[in-house]
Amino acid sequence: MDLDPHSATSADCQAAPFGGFPAPGPLNAAEMSRLLSSPPQGSPDSLNDLLLAQGLINEMQWTRAVSLAHSGMPPRDAVRASGDVDEESLQQAYAQTLGLPCVDLLSFEIDQQAVDALPAATAREYEVMPLCFAGTGLVAAVEDPTDARTRECLTLSSDHPVELVVAPRDEIERAITRWYGPRDDQDALEQIRLLHPEDEARQSGVVDLDRLGRGKPVVRLVHNILMDAIQQQASDVHLRPLEERVDLLFRLDGALVKMRSFEKSMLPAIVSRIKIIGNMDIAEHRLPQDGRFRMSRDNGVVDLRLSIIPTVQGESVVIRILDADAGLKSLDALGFSSADAERFAELMSRTAGMVLVTGPTGCGKSTTLYAALQQVHQKDVNIVTVEDPVEYRLAGINQIQVNNATGLTFARALRHILRHDPDVVMVGEIRDLETAKMAVESSLTGHLVLSTLHTNDAASAVTRLLEIGIEPYLVNTSLMAVLAQRLVRRNCSGCIEPEKVDPAIRRALNVAHNETFFRGCGCSLCHGTGYRGRRAVYELLMVTPGLRERITAGASSADIGRFAESEGMQPLTSNALEMARAADTSLAEVYRVRLS
């Protein structure tokens with residue numbers, strides 16, 4: 001949660017939708033008509049000046065934003081690049097400079113007739129949400145209302161003059177999914193029935209799956225599902241067959257959220273379409289199948305990995321989404337404290353040694369490693385990675401995909417990598433003694449080695465290397481640091497409220513009974529979960545001379561952890577607790593990821 005008193009929430013945007021001129025009561029069609037018919041007087045400031053006056057950016061960010069704008073970057077993009085301004089505040093200020101309403105789509109009373117007036121394909125293509133009619137004109141929300149071509153196309157598609165207002169892009173995408181998604185489903189279902197009537201299917205006993213999978217309604221439906229998932233930054237899409245229906249679920253911020261349900265009769269067509277785009281056998285229903293494909297979005301490419309398994313209720317589908325634009329982060333965006341950011345940056349400047357990132361599956365280890373690689377890649381070095389699988393493709397980096405079927409294991413790939421004159425080596429995971437030995441030897445022969453290990457905390461990574469079979473003197477010589485991390489869900493700023501904390505959780509975390517914490521209660525913005533987005537919490541263990549003495553003496557992981565804390569390491573649980581005290585997450589989340 002942004003505690004800056006100058007920041008604006010969606011409620012602020014609703015209360016003052018017209019450039020600081022408050023609207024009495026909820027913003028609906030009648031209020032919208034009044035606002036559009038009586039625009040405010042006076043010339044607004046530039047976006048940069050307005051944000052500076054409101055305290056949303058500082059002088060340095062203002063200077064950088066102005067410079068970027070002069071170089072040709074659109075003003076809003078320049079502000080985004082200049083500093084951390086939340087999207088709702090940015091959109092509200094942008095609307096004010098244009099003299100247009102900034103609409104909170106979460107509470108706006110959308111008119112179904114307005115939705116019916118604009119085809120779903122047009123709404124999705126131009127990312128526009130029709131809201132209501134003002135006289136004979138159609139009012140629609142867009143992120144950027146200055147695009148004349150968008151206004152023309154919307155007028156032609158809806159057969160109405162169009163008035164554009166401003167709304168945050170993520171709210172527009174969610175509204176399109178909510179209002180047009182069920183219509184896409186119904187259209188596809190009707191077309192499926194036309195293509196292959198149920199009576200005919202029962203009589204023949206044969207379903208033309210290829211025909212169904214290539215039909216335009218099914219192609220559009222599957223495409224829209226995937227685009228909705230990408231826009232909402234889902235990590236996975238699940239199609240879960242049940243007795244009478246099929247549930248569509250997105251994994252958002254690590255939790256499965258049900259989006260909607262389909263009729264069971266649609267499952268064969270949807271699965272067939274997914275098999276076609278994933279180059280799988282559409283006639284095979286008895287064995288699991290895997291596939292992959294890529295799709296373009298906003299001048300970028302998204303990788304999707306497909307898994308289909310047969311169940312007693314039908315074929316179940318999981319699609320893993322690897323969106324480089326959403327998944328790749330810089331080191332600055334990982335959430336390090338200033339001191340730890342300096343330490344980690346110093347580690348990445350080394351020319352030899354080993355740095356490990358540890359934690360359970362799904363804790364963001366790969367994201368941290370890729371952020372480190374991007375930091376190192378700014379220098380003129382040769383980087384080679386060995387991964388299983390290659391999650392994100394990075395330009396200018398040699399990435400090797402492990403293939404156990406052909407004998408290309410981590411250890412074998414590492415042996416050949418060392419003949420490829422690398423400066424930096426990234427090993428996806430240390431799983432066995434052979435891989436560990438190769439990683440250690442690589443770090444000792446003048447290479448910076450980055451890798452992951454599955455342990456609960458940073459200290460346990462040291463003892464795990466010893467247990468695998470690496471000699472203590474080799475660990476002392478090669479290992480520079482261990483970063484242990486977890487991903488904590490962040491409170492949704494649209495529905496945050498004081499948290500009711502279980503007394504047992506307070507006792508476990510040693511928190512006073514009268515200390516107040518916050519969490520989201522659930523709203524349409526966060527799909528009722530109370531959380532929106534995730535951030536890493538961590539502990540960074542530096543291998544110091546004193547710690548090396550204890551490793552040589554055979555200290556336990558608990559002893560190593562206590563000594564590291566005495567030298568300044570902040571435990572992961574304490575780091576998460578700081579986040580909760582800043583109202584950025586709930587105490588329940590801290591309890592979930594605690595290490596002790």
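Numbering of residues begins at 1 and proceeds along the displayed sequence.
Salt bridge status for D457 with R486: absent, with no side-chain N to carboxylate O gap under 4.0 Å.
Other residues, nucleotides and ligands contribute more than 12 heavy atoms inside 6.0 Å of the CZ atom of R292. The environment of NE2 in H416 is crowded: more than 12 heavy-atom neighbours from other residues, nucleotides or ligands sit within 6.0 Å.
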Report the C-alpha separation of R592 and E589 in whole Å, then their side-chain angles, then the decisive distance to 0.1 Å, and conclude whether the salt bridge (Lys or Arg N to Asp or Glu O under 4.0 Å) test is met.
-> CA-CA 5 Å; R592 182 180 67 85; E589 274 292 283; 2.9 Å; yes
Going through the distances and angles, do T445 and H447 end up as a side-chain hydrogen bond (donor to acceptor under 3.5 Å, both in side chains)?
-> CA-CA 6 Å; T445 53; H447 306 91; 3.2 Å; yes
Verify side-chain contact (heavy atoms from CB on, under 4.5 Å) between R124 and I176, making sure each step is shown before the conclusion.
-> CA-CA 7 Å; R124 290 181 183 276; I176 290 173; 3.8 Å; yes
Could you walk me through whether K437 and E441 pass the salt bridge (Lys or Arg N to Asp or Glu O under 4.0 Å) check?
-> CA-CA 6 Å; K437 279 185 175 179; E441 289 173 9; over 6 Å; no
In sequence, state the C-alpha distance, the side-chain angles, and the governing distance for R464 and E467, and then conclude on salt bridge (Lys or Arg N to Asp or Glu O under 4.0 Å).
-> CA-CA 5 Å; R464 175 64 57 84; E467 291 166 358; 3.7 Å; yes
Applying side-chain hydrogen bond (donor to acceptor under 3.5 Å, both in side chains), run through N476 and T552 and close with a yes or a no.
-> CA-CA 8 Å; N476 281 339; T552 302; 2.7 Å; yes
Show your reasoning for whether side-chain hydrogen bond (donor to acceptor under 3.5 Å, both in side chains) applies to E387 and Q399.
-> CA-CA 7 Å; E387 306 170 64; Q399 296 175 272; 3.1 Å; yes
Report the C-alpha distance between I276 and I282 in whole Å, list the side-chain angles of each, state the deciding distance to 0.1 Å, and finish with yes or no for side-chain contact (heavy atoms from CB on, under 4.5 Å).
-> CA-CA 7 Å; I276 288 169; I282 63 172; 3.8 Å; yes
Passes side-chain contact (heavy atoms from CB on, under 4.5 Å), L267 versus F262? Steps please.
-> CA-CA 8 Å; L267 182 62; F262 304 111; over 6 Å; no
So E315 and R286, salt bridge (Lys or Arg N to Asp or Glu O under 4.0 Å) or not? Walk me through it.
-> CA-CA 9 Å; E315 289 180 285; R286 299 167 298 174; over 6 Å; no
Under the side-chain contact (heavy atoms from CB on, under 4.5 Å) criterion, do D228 and F250 qualify, and how do the steps go?
-> CA-CA 10 Å; D228 288 343; F250 291 171; 4.3 Å; yes
Show your reasoning for whether side-chain hydrogen bond (donor to acceptor under 3.5 Å, both in side chains) applies to Q570 and E578.
-> CA-CA 11 Å; Q570 182 185 35; E578 279 187 2; 2.9 Å; yes
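Atom CZ of R415 and atom CZ of R419 lie 8.0 Å apart (nearest 0.5 Å). Here the OG-CG distance, from S478 to L465, works out to 7.5 Å after rounding to the nearest 0.5 Å. In this structure, OG in S272 is found 6.5 Å from NE2 in H285, a value given to the nearest 0.5 Å. With rounding to the nearest 0.5 Å, the separation of CD1 in I400 from CZ in R412 is 12.0 Å. Atom OG1 of T409 sits about 10.5 Å away from atom CG of N403, to the nearest 0.5 Å. From Q374, atom CD reaches atom CD1 of I383 across 9.5 Å, with rounding to the nearest 0.5 Å.
The minimum heavy-atom distance linking L248 with V237 is given by the pair CD1-CG1, 3.7 Å. S442 approaches L418 most closely through the heavy-atom pair OG-CD2, 3.4 Å. Nearest approach of V449 to S443, heavy atoms of both residues: CG2-N, 3.6 Å. Here the closest heavy-atom approach between residue A461 and residue V482 is recorded as CB-CG1, 3.6 Å. Closest heavy-atom contact between G362 and L487: O-CD1, 3.6 Å. Nearest heavy-atom pair across I560 and A459 is CG2-CB, 3.9 Å.
Judged purely by atom type and a 3.5 angstrom limit, S460 has no side-chain atom pairing as donor or acceptor with the backbone of N456. In this structure a side-chain-to-backbone donor-acceptor pair under 3.5 Å is present from R594 to Y591. Between the side chain of T585 and the backbone N or O of R489 there is at least one donor-acceptor pair closer than 3.5 Å. Of the possible donor and acceptor atoms, one in the side chain of H454 sits under 3.5 Å from a partner among the backbone N and O of G359. In this structure a side-chain-to-backbone donor-acceptor pair under 3.5 Å is present from Q289 to E284. N382 places a side-chain N or O within donor-acceptor distance of the main-chain N or O of D421, the cut-off being under 3.5 Å. A side-chain donor-acceptor contact under 3.5 Å links S451 to the backbone of V427. Not one N or O on the side chain of E127 forms a donor-acceptor pair closer than 3.5 Å with the backbone of I172. A donor-acceptor contact shorter than 3.5 Å links the side chain of Q401 to the backbone of V390. No donor-acceptor pair under 3.5 Å is formed between the side chain of D247 and the backbone N or O of R240.
Between M438 and T435 there is no side-chain heavy-atom pair separated by less than 4.5 Å. Looking at L453 and E429, their side chains never come closer than 4.5 Å, going by heavy atoms from C-beta outward. Side-chain contact between Y126 and V142: absent, with no pair of heavy atoms (C-beta onward) separated by less than 4.5 Å. Side chains of I468 and L466 form no contact here, defined as non-hydrogen atoms less than 4.5 Å apart. Counting only heavy atoms from C-beta outward, the side chains of K275 and I308 approach each other to under 4.5 Å. Proximity of M569 to M542: side-chain heavy atoms (C-beta onward) are nowhere separated by under 4.5 Å. Contact annotation: the side chain of L444 approaches that of L474 to within less than 4.5 Å [non-hydrogen atoms, C-beta and beyond]. With a 4.5 Å cut-off on side-chain heavy atoms, K258 and H527 do not count as touching.
Residues passing the salt bridge (charged side-chain N to carboxylate O under 4.0 Å, His left out) test with K365: none are found, sequence neighbours excluded.
When each of D340, N575, T358 is checked for a side-chain hydrogen bond (donor to acceptor under 3.5 Å, both in side chains) with Y538, only D340 meets the rule.
D253 and T529 share no side-chain donor-acceptor pair at under 3.5 Å.
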